[in-house]
Protein chains: 2
Amino acid sequence: MYSQMGELSSRQQKILQFLIEFMDDNQYPPSVREIQDGCDISSTSVVDYNLRRLEEKGYIHRGKEISRSISLESNQSKRTIPVPILGKIAAGVPLPMPSESDVWSSDQEMLELTEDQTQGKKVFALMVEGTSMIDALINDGDIVVLEPTSSCDNGEMVAVWLKSENETTLKKFFHEGEKIRLQPMNATMSPIYVDPANIEIQGRVVTAIRSM
Amino acid sequence: MYSQMGELSSRQQKILQFLIEFMDDNQYPPSVREIQDGCDISSTSVVDYNLRRLEEKGYIHRGKEISRSISLESNQSKRTIPVPILGKIAAGVPLPMPSESDVWSSDQEMLELTEDQTQGKKVFALMVEGTSMIDALINDGDIVVLEPTSSCDNGEMVAVWLKSENETTLKKFFHEGEKIRLQPMNATMSPIYVDPANIEIQGRVVTAIRSM
DNA sequence: CCAAATCAAAAACATATGTTCTAATTAACA
DNA sequence: TGTTAATTAGAACATATGTTTTTGATTTGG
């Protein structure tokens with residue numbers, strides 16, 4: 001019972017498994033002889049042979065004559081980006097604009113996100129407190145990831161500070177003539193119309209995350 | 001103008017910078033001589049000397065007599081876990097249970113998540129299609145991350161396959177006497193009562209993610 | 001069953017690479 | 001300033017490590 005074209009032999013699977021675990025434990029790839037020991041293989045040439053096969057089949061990549069230069073082609077775990085949870089957003093709590101110092105203060109509560117989720121932007125996060133945002137499909141305990149901005153386009157979901165009411169909420173933003181319409185995402189809720197001078201946009205919502 | 005106790009000399013900063021970039025480009029740490037070249041240092045002993053200092057000060061870690069065994073102590077960006085998006089969940093679409101082969105098929109659409117979000121469990125993901133789940137604060141285009149399970153506790157949010165209707169939905173699960181109550185998360189929606197034989201639990205919702 | 005391809009085993013080879021030694025140079029300090 | 005510690009230089013050493021070669025076993029396909 002052996003492998004076909006793109007398939008892996010049991011030995012190759014074992015090596016691949018070992019590679020993953022080794023690079024997980026240590027922070028560097030194993031040498032040929034470490035693979036040999038770890039997989040109970042009698043010869044380095046057998047390791048080399050199967051590594052060539054793994055490279056042919058696209059599972060790994062190797063540098064020529066470079067020690068420990070194996071890298072996993074698939075499982076290239078993308079690096080994560082630490083995102084600061086700057087605070088909680090709820091009724092009545094004004095939200096300070098994030099500054100560089102905030103982002104780099106180390107005792108900040110942090111969230112690890114992938115580049116997919118941050119979309120390559122310098123973002124910060126807020127924890128939603130209470131159910132006041134439930135109209136925007138955002139529940140108590142949810143985390144919203146925002147890209148800092150002071151302006152936005154129509155239809156974008158933004159964190160808006162209502163100066164007169166000293167309150168920050170998440171709404172959809174629409175510029176309509178002299179006024180600005182802040183639209184909850186639930187059709188059963190009524191929009192709020194405010195004067196442009198009365199609001200300050202704090203960030204555009206990039207992602208919302210809910211942990212159960 | 002030189003370094004104090006915990007500070008880094010300009011050469012050590014340069015080396016540290018090079019380490020980060022090198023391990024970012026390639027997937028393995030550099031050798032002493034590659035550091036030498038990359039930082040315009042005249043001798044390997046100088047590299048070794050400064051690497052010792054960097055290790056003393058806790059910036060890196062090295063293995064003895066092991067090539068390319070440098071790992072960054074701080075910037076250990078947490079690894080991400082590839083999560084397969086097995087399909088879409090919507091009205092009328094039965095959802096096959098994920099198998100090992102599914103997880104390893106490479107042409108699967110993938111999502112990169114952090115360990116925080118998967119909670120260390122072997123999870124899979126589904127894309128929500130349509131607004132039929134809006135009662136559970138889950139919108140069209142959202143991604144739900146599920147832990148495979150065939151049983152669950154009361155109150156947990158699960159993906160349930162209703163056999164008779166050949167339909168999979170996300171609901172809160174309650175075992176009540178002879179029947180099972182499947183409760184939407186919105187109080188204005190009515191629960192569904194079903195026979196235990198008529199359902200099959202496919203997974204427990206761990207996380208929900210919405211990208212804007 | 002035979003021939004070709006695939007895989008494994010053992011040993012040897014070449015060099016990539018961490019380490020050490022000694023001396024020179026520069027910075028810190030009192 | 002002189003003395004000590006920190007850093008740099010160059011070279012050589014020891015071995016860790018990728019690679020090759022040869023031989024033999026095992027599988028595959030007709």
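Excluded from the calculations below are hydrogen atoms, water molecules and symmetry mates; all remaining heavy atoms, backbone and side chain alike, are included.
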I'd like to know if [X] and [Y] make a salt bridge, using a cut-off of under 4.0 Å between side-chain N and carboxylate O.
{"X": "D37(B)", "Y": "R33(B)", "result": "no"}
{"X": "D142(A)", "Y": "R210(B)", "result": "no"}
{"X": "R53(B)", "Y": "E56(B)", "result": "yes"}
{"X": "R11(B)", "Y": "D40(B)", "result": "no"}

Looking only at side-chain atoms of [X], point me to the closest of [options].
{"X": "R62(B)", "options": "dC7(C), dT19(C), dA12(C)", "result": "dT19(C)"}
{"X": "R11(A)", "options": "dT19(D), dT20(C), dA8(C)", "result": "dA8(C)"}
{"X": "S45(A)", "options": "dT20(D), dT19(C), dT8(D)", "result": "dT20(D)"}
{"X": "V32(B)", "options": "dA9(D), dG18(D), dG18(C)", "result": "dG18(C)"}
{"X": "R53(B)", "options": "dT7(D), dG18(C), dG10(D)", "result": "dT7(D)"}

Please confirm whether the shortest side-chain N or O distance from [X] to OP1 or OP2 of [N] is below 4.0 Å.
{"X": "R33(B)", "N": "dA16(C)", "value": "no"}
{"X": "R52(B)", "N": "dT20(C)", "value": "yes"}
{"X": "N50(A)", "N": "dT6(C)", "value": "no"}

Checklist line | DNA chain D: 5'-proximal contact among Y49(B) and I66(B) (nearest heavy atom) | finding: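 It is Y49(B), whose closest nucleotide lies nearer the 5' terminus.
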
Margin query: Can you work out whether D40(A) or E65(B) has the more 5'-proximal nearest nucleotide on DNA chain C?
Written below: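 Nearest nucleotide further toward 5': that of D40(A).
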
Checklist line | Distance, rounded to the nearest Å, where I41(A) contributes CD1 and dA8(C) contributes P | finding: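 I41(A) atom CD1 is separated from dA8(C) atom P by 8 Å.
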
Check: For the pair made of CD1 in I35(B) and C1' in dT8(D), what is the distance, rounded to whole Å?
Finding: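 These atoms are roughly 16 Å apart.
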
Check: Using a cut-off of 4.0 Å on non-hydrogen atoms, how would the nucleic acid contact of S43(B) be classed: base, sugar-phosphate, or nothing?
Finding: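 The answer is base, as S43(B) lies within the cut-off (heavy atoms under 4.0 Å) of a base atom.
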
Check: Is any N or O donor-acceptor pair between the side chain of S67(A) and the base of dA16(D) shorter than 3.5 Å?
Finding: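 Not at all, since no donor on one side and acceptor on the other fall under 3.5 Å apart.
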
Notebook entry, point to check: Can you find an N or O donor on one side and an acceptor on the other, under 3.5 Å apart, linking the side chain of T44(B) with the base of dT19(C)?
Noted result: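 Between dT19(C) and T44(B), which were checked side chain against base, a qualifying N/O pair under 3.5 Å is present.
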
Next item on the list: Classify the side-chain pair E21(B)/Q17(B) by whether it contains a donor and acceptor separated by less than 3.5 Å.
Entry: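 Yes, Q17(B) and E21(B) have a side-chain donor paired with an acceptor closer than 3.5 Å.
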
